[in-house]
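Just below is one structure, and these are the notes that go with it.
The model shown is predicted, which means the values in this text are computed figures rather than measured ones. The chains referred to below are lettered A, B, ... by the order of the sequence lines, with proteins before strands, and numbering in each begins at 1.
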Amino acid sequence: LTIGDSPTLAELADRLTRVEDELAIMRLLAAYGPAVDAGESAAAAALWTEDGAYDVGGQSRVVGREELTALYDGQQHQGIIAGGSGHLTSSPTITLSQDTATAVAYSLVCRRAENGFFIWRLSANRWSLVRTAHGWRTKERMNRVLDGGIAARDLLREAVQ
Amino acid sequence: LTIGDSPTLAELADRLTRVEDELAIMRLLAAYGPAVDAGESAAAAALWTEDGAYDVGGQSRVVGREELTALYDGQQHQGIIAGGSGHLTSSPTITLSQDTATAVAYSLVCRRAENGFFIWRLSANRWSLVRTAHGWRTKERMNRVLDGGIAARDLLREAVQ
Amino acid sequence: LTIGDSPTLAELADRLTRVEDELAIMRLLAAYGPAVDAGESAAAAALWTEDGAYDVGGQSRVVGREELTALYDGQQHQGIIAGGSGHLTSSPTITLSQDTATAVAYSLVCRRAENGFFIWRLSANRWSLVRTAHGWRTKERMNRVLDGGIAARDLLREAVQ
């Protein structure tokens, strides 16, 4: 099927699938903030696999959609969004590998203050992602505050390997 | 034209068009900040359709390119950019449908202070977009400050449906 | 090879290459922050061409990978990351042209404070990029702080032309 130097249909389809995967993962990460700031706790949890884990700042490890939903329904998170918050995710660096992928990005939690908003929390994140029957989902999200320590740096380092 | 499980040329072309649409919309949203911070008011207005609307924070609804240009040429906006400002838009969640699309993202207006910059305004946004002869344009942009209220949350919710 | 209105394989391949180029450039820009915040100075320098230049804020012009590595290994940068920092890059506006490209985006340097983080520096940036045997690289990055002056505005303007 190759005509001159033209690629085959199958080759183009493979390349296109990788592009679609990358965009789908960008969309998955971008959907996190709107879900948790809107208070759509179950929708936020559904961005993970059934047994997905969120390792938050070295303080706690939340595992599974039930625990994730409870995290977002919890008093601390509900207090944050009631005060006015934006959970932003920076443009990720994505490394694809057939049915799994890794993404590295910054996350910011901005909260409302007297005059304007302030950055309450700024973290390094590494997502381990898997392709499921329902699209890409997060298997594990590691999150560490950028406090100058080694933990956050180690997560960021994976974007440049 | 299908060879084994290979998709057809027409199927690949359709998928590629969706990918191009998504990137074009990302570019349209990313071009907003540079336009308004550079003081290119007409270029900023041209990101909307001729009759496009910008519903700003529940305070005003600016309709059509003439009104949009006047908004960016106006005293308040000119004062903001003269002081040093960055109108940033976060990575969007885009929902495509043939010739229309919806995008949800955060917008931040950062302004210069004594030492560094502060986030003056942080909002939820929903863009209703249409494909025109000149590419994708905004038909309506709804913008609500993340003040903890229901209006901003309702805009964000559309990213997770 | 055209079947009805279907594009040819070669046409699809060309369009797909442009999409891949755009995503590769987005990834190149997104990889900058993780590299410099992780202290991976050589990896950060490798995002430029061998003779690439970083024109920083009108104060200095750093040329070549050796000087770039020295910049990130230097006392000022090391002090910033030891205190806890995030070098974020906003979603870019990319203009492709065969083997060169231009990108415009904001960069933020966020630093840790007593309670949370503050935006220490917010700048306009224009990247001149080239396709190399190892992928896209930065030939020149112009960076100007958004201080309300003409220099930063001129960089942003290129995103809307």
Let me know if [X] has heavy atoms under 4.5 Å from chain C in its side chain, its backbone, both or neither.
X        : answer
A:Ile94  : backbone
A:Val19  : both
A:Val145 : side chain
A:Ser91  : both
A:Leu155 : neither

Partner chain A: residue of C:Ser85, C:Ala44, C:Ala43 with the largest heavy-atom pair count (under 4.5 Å):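 Going by pairs under 4.5 Å, I would pick C:Ser85.
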Would you kindly say whether C:Asp51 and C:Thr49 are connected by a side-chain donor-acceptor distance under 3.5 Å?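 Result is yes, a qualifying pair exists.
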Report yes or no: do C:Thr17 and A:Arg15 form a side-chain donor-acceptor pair below 3.5 Å?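 Side-chain D/A pair, C:Thr17 to A:Arg15: present.
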Measure across C:Arg27 and A:Thr93 and return the closest heavy-atom pair with its distance rounded to 0.1 Å.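 Closest approach of C:Arg27 to A:Thr93, heavy atoms only: CG-CG2, 4.0 Å.
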Taking the six-membered ring of A:Phe118 as reference, does the cationic atom of A:Arg112 (NZ for Lys, CZ for Arg) lie under 6.0 Å from its centre and within 45° of its axis?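 Geometry flag: not set, cation outside 6.0 Å or 45°.
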Taking the six-membered ring of A:Trp120 as reference, does the cationic atom of A:Arg111 (NZ for Lys, CZ for Arg) lie under 6.0 Å from its centre and within 45° of its axis?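 Flagged: A:Arg111 positioned over aromatic ring of A:Trp120.
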